[in-house]
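Below is one structure; the comments refer to it alone.
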Amino acid sequence: MGARSGEYGSLRRVDGIGAPFFVLGLPLFLSACSGRQSALDVAGEDAAAISLLFWVMFGAACLLWVAMNGLFFFLSRIRPGQFPDRYVQPLLIGGGILLPTVLLAALLVWGLGLLPDQRAPGDGLRIKVTGEQWWWRVEYWPEGAEAPVVTANEIRMPVGERVEFLLGADKVIHSFWIPALGGKMDMFPGRETRVSLRAERTGVFRGQCAEFCGASHAWMAFETVVMEPDTFDAWLEAEAGDALMPVEGAATRGAALFLSQGCGACHTIRGTEAVGQVGPDLTHVGGRLSLGAGRMGVSTAGFTRWIGHTEALKPEVQMPSYDFLSTEELDDLAQYLVGLK
Ligand code: CUA
């Protein structure tokens, strides 16, 4: 009996370490429960199904954990002969085999029923998103459209309507994920994958590349703006138009600088000579919420910082830092870009 008491003693010490770990770790777990990039702070039908699945799985796992450990401690503490075998054996078989099997099988069957029919073709708006290093090429295909409305690094969609995303990639695998709305879906070079999402409330939700894709994978994000359908239609119509030409001052000098510095070799600004396809379309870049694919907010100061220090802000980015431009020139460029609403 002496040896057995010693075993129980060591078990109790292990129990004692668990409590502080749990208390210290709890804020970490809870910090992910809300916010605009939380899969548990849902804003769409598809994310709601994933969230429900998570909570039920979590509850069932807790139940199973408590049941199994309770049973283990009870059985390890009873003395031989304290209870007749006919009581102990059903506990072992029921708790050790039957309960986990039945519970896990039930969860599997129920979980499979939640799988969305993601392969069904969409009947409304389709948005083609291509993962680039490290930004997002975005093309809107409204119903019946013959040519897309091209933009980048931001998704806008109408609330209450199912939108189909057609996903692809340029060179490496990326993954499309808007935690509050649903996903995620891998994006492959040379192959199209699809995900369909329906937002249930308006707001701004953050999307993030969820597949390691190189040095700046962590800086590959985007904002998703869910709008009232009327506001969305008006926005899309404006987005389809050419860029507004600045008429005077710094922005005019910036527009000239944009072309003379060769920015148009990589970027398109519709309505100008800039027709490059390598980098993000900048026709209405001033109207976006972020620049550099979620790297920072859109502002004159933001553009100045970005253009002058791309390589520091986004490691291995293809766009070189224009650190040879003067502060005035950077400001002129920034004034031009921020005015491209
Ligand atoms: Cu793109 Cu990670």
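Quantities reported herein were computed from a predicted structural model and do not represent experimental measurements. Whatever order the structure lists ligands and atoms in, that order sets their numbers, starting from 1. No hydrogens, no waters, no symmetry mates; every other heavy atom, side chains included, goes into these values.
- Checked for salt-bridge contact, Glu45 and Arg162 meet the test: a charged N lies under 4.0 Å from a carboxylate O.
- Between Phe176 and Ile155, the closest side-chain pair of non-hydrogen atoms falls below 4.5 Å.
- Between the side chain of Ser290 and the backbone N or O of Gly297, no donor-acceptor pair lies under 3.5 Å.
- Neighbours of atom 1 (Cu) of ligand 1 restricted to protein N, O or S atoms under 2.8 Å: the count is 4.
- A salt bridge links Asp41 with Arg201: the closest approach of a Lys/Arg side-chain nitrogen to an acidic carboxylate oxygen falls below 4.0 angstrom.
- Taking the six-membered ring wherever Trp is involved, the centroid distance between the rings of Tyr322 and Phe324 falls below 6.0 Å.
- Here the side chains of Asp170 and Arg137 are not in contact, with every heavy-atom distance at 4.5 Å or above.
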